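Model, not experiment: these values are computed from the prediction.
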Amino acid sequence: MALPAFVSDPQPPREPSFDVLGDFDEPWTAQLALDLLPETNGPKVEVLSGSVIVTPHAGVDHQSVERELSYLLHRAARRAGLWAYPEINVVSGTNLFIPDLAVLRISGGGRTTVDAVDAVLLGEIVSRGNRRKDVIDRPREYAAAGVPWFLRVDLRNRVPALVLHELADGEYRPVAAAAAGTTFVMKEPFEFSIDPADLLDEAAPE
């Protein structure tokens, strides 16, 4: 039986696809990216100032540090009633960030995204190809979002170094730092200490 003329044939919902990136002319927002683009365990897909930014995974050293540090931070954070995660969706206004590390006031269990206001600390592991983003651009965005603490991990010359920054007067200021072979110690936003050398896997033999 044919449908009456005034009843439209319902269209199936469109599956999320990266194909839309070539067709979409309006400024992007975090919500549009979450609605229209597929979830991925591959490249990071972020939104900044109306543009979608797609970033491939960094090298194995980066992944090794992220694996170790996120696990150790989570154990320390839980003792303080906080939660730590690697690479989660953090929304700030229309922007969508995926920091390498995030410590939250709330559990992220069951969530697709968290709001930046729930972030206590965000961290970036500096990649060789994204040094400006990790050292200058991303901390500036996190500071603008009011995230109280920023942790930077630098792997230059395969000598890991950690620097903790505290937000003060709208800018991050370093309050604790250490390189491989010494002990990084922080008291806030929770107690945590480590020799940065322990974060990096040994180099492969020649």
Q.
Checking L164 against L121 for the side chain to side chain contact (heavy atoms under 4.5 Å, CB included) test, could you report, in this order, the C-alpha distance in whole Å, the side-chain angles of both residues, the deciding distance, and whether it holds?
A. CA-CA 9 Å; L164 177 69; L121 176 151; 3.8 Å; yes

Partner of L162 under side-chain contact (heavy atoms from CB on, under 4.5 Å), picked from D195, V153, V185, is V153

Margin query: With a 3.5 Å distance limit and no angle check, can you tell me whether D154 reaches the backbone of V126 through a side-chain donor-acceptor pair?
Written below: no

Check ion pair D201-R67 (N to O, under 4.0 angstrom):
yes

Distance col, row L199:CG vs F184:CZ, nearest 0.5 angstrom, shows 10.5 Å

Hits for side-chain hydrogen bond (donor to acceptor under 3.5 Å, both in side chains) against N157, two or more places apart or cross-chain, chain-then-number order -> none

Check your understanding: For I98, does its backbone N or O pair with a side-chain atom of E87 as donor and acceptor, under 3.5 Å?
Key -> no

- prompt: Side chain of R105, backbone of V117: donor and acceptor closer than 3.5 Å?
  reply: yes

Exercise. Taking the inter-plane angle between the rings of F150 and Y142 on a 0 to 90° scale, is it parallel (under 30°), tilted (30 to 60°) or perpendicular (over 60°)?
Worked result: tilted

Item to complete: With side chain to side chain contact (heavy atoms under 4.5 Å, CB included) as the test, would you mind laying out the steps for F190 and R79 before giving the verdict?
Response: CA-CA 8 Å; F190 53 92; R79 291 192 288 269; over 6 Å; no

Hits for side-chain contact (heavy atoms from CB on, under 4.5 Å) against I53, two or more places apart or cross-chain, chain-then-number order -> L48, T55

Counting distance only, does the side-chain N/O of T29 pair as donor-acceptor with the main-chain N or O of L32 below 3.5 Å? yes

